[in-house]
Amino acid sequence: MANRTVIVDNNTWNNTHIATVGLVGYPSDDINKFLWMVRIGGGVFPHIKEPDYLRDGQYRIDSQATPTMLNSLMYRLSYYRFTEADGGRGFDRVRRTEIGKKYFKLTHFEEVFTTHHWMVRIYKLKPVKNRLRGKNKKRTKSSTKRDKYSSSKKQVQKNPWH
């Protein structure tokens, strides 16, 4: 897909591992793989803690899901506009349960493609102006004056994620 690397449990360089994952029929559902993303992420970033995603020792996506799970990017990208797939109920047929958070907006991503049966979903990042962190600061007269007299050279924008 457009010369992009595909991640299989963070181990794509190992063909035996990939073949084994396919052989055992591990479901290709992103929510099913999510626990591995949390575990691997927690190994690198200590602030990611698996118990934050668990309710009574289980990953849940229904009304009993933890706030961390319901607000995770994986949950949001998986279930964005999901109620439109079944007439408003939001029923996940794989897990045989109604999803917990049904109506929300995406801040940083825009849906660009979803297959008829919602098996494949593709998103793109929204433009930078729509991805600002925190509240927008009002411009003061001094900053407006400074901008008015600044050089005509194009200023390099800082990456808001670093």
Determine whether Val38 and Ile48 make a side-chain contact, defined as any pair of heavy atoms from C-beta on separated by less than 4.5 Å. yes
When rounded to the nearest 0.5 angstrom, what is the spacing between CZ in Arg95 and OG1 in Thr97? 10.0 Å
Tell me the closest heavy-atom pair linking Leu70 and Asp62, and the distance in Å. CD2-O, 4.3 Å
Mutual orientation of the aromatic rings belonging to Tyr79 and Tyr75 [parallel < 30°, tilted 30-60°, perpendicular > 60°]: tilted
Same apolar cluster: Met74 and Tyr103, side chain cutoff 4.5 Å: no
Shortest non-hydrogen contact from Glu98 toward Phe91: N-CD1, 3.9 Å
Does any non-hydrogen side-chain atom of Tyr53 lie less than 4.5 Å from one of Glu50? no
Any idea how Phe104 and Tyr80 line up, ring-wise: parallel (<30°), tilted (30 to 60°), or perpendicular (>60°)? tilted
How about Lys101 and Arg76: do any of their side-chain heavy atoms sit closer than 4.5 Å? yes
Between CG of Leu35 and CD1 of Ile40, what distance do you get to the nearest 0.5 Å? 9.0 Å
Measure the spacing between CG of Asp92 and CD1 of Ile61 and express it to the nearest 0.5 Å. 4.5 Å
Within the 4.5 Å heavy-atom criterion, are Tyr123 and Val112 side-chain neighbours or not? no
4.5 Å side-chain heavy-atom contact, Met69 and Arg60: no
So do the side chains of Leu106 and Glu110 get within less than 4.5 Å of each other, counting heavy atoms only? no
Would you kindly confirm whether Phe34 and Ile99 end up in one hydrophobic cluster when ILVMFWY residues are joined by side chain heavy atoms under 4.5 Å apart? yes
